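No experiment lies behind these values; they were computed from the predicted model shown.
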Amino acid sequence: MKRALVISGGGSKGAWAVGVLKQLRQRLPELEFDIFVGTSTGSLIVPLAALGEIDLLEHIYTTQSEGTIVRKLRIGDRLGTDSVFDANPLMALIDQHFRDDRYAALLASGKSVYINTTCLQTGELVVFTNEEAIDRENYSMRQVQNGDHFRRAIMASACQPVFMPTIRVNKNIPDHPEKDLQYVDGGVREYAGIEMAIDAGATEIYTILLSPEKGIDENKEYRDLFSILHRTIDIFTQDVGKNDLIIPDQYNEALKYIEAVKRKIVNAGIPREDVNRYFTIRGHESPFEDKQPLKLYTIRPEEALGGGPGGLNFSPEEMKGMLTRGVAAGDDFVTKEIRG
């Protein structure tokens with residue numbers, strides 16, 4: 001059995017996910033993950049989670065403030081550039097905490113990590129991974145070459161377009177055919193990478209989402225470019241997130257239905273091997289063949305977490321509060337879903 005951890009995007013709201021992870025480790029010390037999938041802020045969390053560095057994650061997600069992730073500048077000063085904000089502080093943070101020695105430790109750990117990005121030139125969802133890169137029907141994959149390549153992929157996944165710059169992930173790879181391609185936040189295409197976890201062979205998936213199930217209804221007027229852009233991203237993310245959950249749920253229900261039909265036929269007296277043969281059509285590959293129903297767990301907040309639209313507001317006190325709420329949510333999840 002392979003177990004996966006999937007964490008969505010959400011900027012500073014990632015503090016909530018860290019709180020959940022902290023409590024999962026406390027309540028379920030035997031819980032180990034083989035596959036880690038991150039989008040946006042999730043891409044910052046999953047590599048360190050794979051290494052068991054929850055204390056470092058707690059430090060990172062409770063000490064950030066305005067200017068330590070992005071510098072918010074006047075839009076008039078950014079004309080002619082590719083972003084409204086300066087994201088050099090985030091790149092410095094990634095360089096500090098995702099050093100070559102941690103990248104080497106990740107490779108040695110045997111853990112599989114998948115970082116979701118979006119390529120502006122092709123419009124594709126592109127997943128950077130430490131595993132063999134096998135292109136799938138709905139996304140492309142690229143194998144990470146070294147520590148610098150890994151850091152640039154994480155940075156790209158975390159950069160919300162327009163607000164934050166585009167990243168040439170392959171820029172420093174000699175003779176790379178895609179060195180000039182620009183990448184941004186994977187959340188443009190995939191809010192939560194459950195599909196990657198399934199394709200990687202996971203049979204049990206824990207998904208941490210950073211938005212509540214019900215959309216946020218803000219009863220206010222939007223008067224400036226920033227607030228309209230922020231709100232647009234929130235609405236878009238909510239819609240993408242719903243789609244990301246619908247597909248694996250339908251896939252799982254289809255598997256359960258097929259297995260139920262097979263059992264009924266077997267109970268009617270037809271040998272199992274004959275039944276399996278009837279469900280296999282020569283020349284047509286079935287996405288359900290030899291697959292078993294998944295165990296899908298979703299952990300998400302009941303109410304909006306804060307952090308501003310897109311999670312681009314960074315306040316140590318607010319993020320500490322999110323982490324505390326995440327701990328409570330993790331505790332509640334274990335009590336009701338695992339131990340209950």
Side-chain angles (χ1 to χ4, degrees), residues 4-18 20-21 36-50 57 60-61 64 68-70 83-85 87 89-91 93-94 97-98 113-120 124-129 139 150-167 169 182-197 207-212 229-245 299-301 304-314 319 322 326:
L5 173 67
V6 177
I7 301 181
S8 77
S12 60
K13 306 175 203 291
W16 190 85
V18 174
V20 171
L21 290 178
F36 295 79
V37 186
T39 302
S40 197
T41 199
S43 72
L44 293 166
I45 297 172
V46 295
L48 294 176
L57 281 169
I60 292 173
Y61 274 87
Q64 305 310 315
T68 64
I69 299 295
V70 293
S83 67
V84 176
F85 300 156
L90 175 58
M91 190 72 247
L93 185 75
I94 291 172
H97 294 296
F98 296 85
V113 175
Y114 299 86
I115 303 299
N116 293 333
T117 72
T118 303
C119 178
L120 288 182
E124 284 185 300
L125 175 65
V126 179
V127 182
F128 289 88
T129 177
Y139 58 91
F150 187 58
R151 288 186 287 273
R152 296 183 72 83
I154 293 171
M155 180 66 180
S157 182
C159 280
Q160 295 184 19
V162 180
F163 291 108
M164 301 167 75
T166 63
I167 304 297
V169 176
Q182 298 163 281
Y183 296 86
V184 295
D185 191 342
V188 172
R189 292 293 307 272
E190 191 89 5
Y191 177 59
I194 303 172
E195 184 177 2
M196 290 90 223
T207 303
I208 301 177
L209 303 179
L210 300 178
S211 61
L229 275 172
H230 275 257
R231 181 58 174 154
T232 301
I233 285 178
D234 264 358
I235 295 171
F236 176 77
T237 299
Q238 190 76 25
D239 185 58
V240 172
K242 288 178 181 177
N243 293 335
D244 290 348
L245 290 177
I299 311 170
R300 68 189 312 171
L305 291 173
L312 289 176
N313 292 339
F314 297 89
M319 293 171 76
M322 290 185 212

Looking only at non-hydrogen atoms, find the nearest pair between Ile115 and Ala153 and report the distance.
-> CG2-O, 3.7 Å

Quick one: CD on Glu190 to OH on Tyr139, what's the gap to the nearest 0.5 Å?
-> 8.5 Å

Counting only N and O atoms by type, is there a donor-acceptor contact under 3.5 Å from the side chain of Thr129 to the main-chain atoms of Tyr114?
-> no

Heavy-atom donor-acceptor pair, Ser8 side chain to Leu210 backbone, under 3.5 Å = yes

In this structure, CE of Met164 is separated from CE of Met91 (nearest 0.5 Å) by 10.5 Å

Would you indicate whether the side-chain heavy atoms of Val127 and Glu195 approach each other to under 4.5 Å?
-> no

Separation of Tyr61 OH from Lys13 NZ (nearest 0.5 Å) = 12.5 Å

At what distance, to the nearest 0.5 angstrom, does OH of Tyr191 lie from OG of Ser40?
-> 9.5 Å

Measure the shortest side-chain to side-chain distance between Ile299 and Trp16 over non-hydrogen atoms and say whether it is less than 4.5 angstrom.
-> yes

Can you tell me if Thr117 uses its side chain to pair, donor with acceptor, with the backbone of Ser157 under 3.5 Å?
-> no

State, yes or no, whether a side-chain contact exists between Ser43 and Phe128 at a heavy-atom distance under 4.5 Å.
-> no

Side chains of Thr118 and Asp185: does their closest heavy-atom pair fall under 4.5 Å?
-> no

Between Gly193 and Val37, which heavy-atom pair has the shortest distance, and what is it?
-> O-CG1, 3.5 Å

Does the side chain of Leu93 reach to within under 4.5 Å of the side chain of Leu44, using non-hydrogen atoms?
-> no

What distance do Leu48 atom CG and His97 atom NE2 have between them, rounded to the nearest 0.5 Å?
-> 8.5 Å

Between Pro161 and Val188, what is the shortest heavy-atom contact and its length?
-> CG-CG2, 3.8 Å

How about Leu312 and Phe85: do any of their side-chain heavy atoms sit closer than 4.5 Å?
-> yes

For residues Pro212 and Arg300, determine if any side-chain heavy atom of one lies less than 4.5 Å from a side-chain heavy atom of the other.
-> no

So do Val126 and Val169 actually touch side chain to side chain, heavy atoms under 4.5 Å?
-> no

Which atom names give the shortest non-hydrogen contact between Thr39 and Gly187, and what distance separates them?
-> CG2-N, 3.3 Å

What residues, two or more places apart in sequence or in another chain, satisfy side chain to side chain donor-acceptor pair (under 3.5 Å) together with Gln64?
-> Thr68

Which atoms form the tightest heavy-atom contact between Ile45 and Ala17, and what is the distance?
-> CD1-CB, 4.1 Å

Would you please name every residue forming a salt bridge (Lys or Arg N to Asp or Glu O under 4.0 Å) with Arg151, sequence neighbours left out?
-> Asp95, Asp100

For Ala15 and Met322, the nearest pair of non-hydrogen atoms, with its separation, is CB-CB, 4.0 Å

Point-to-point distance, once rounded to the nearest 0.5 Å, from CD1 of Ile60 to CD1 of Ile69 | 8.5 Å

Any donor-acceptor N/O pair, Ser12 side chain to Asn313 backbone, under 3.5 Å | yes

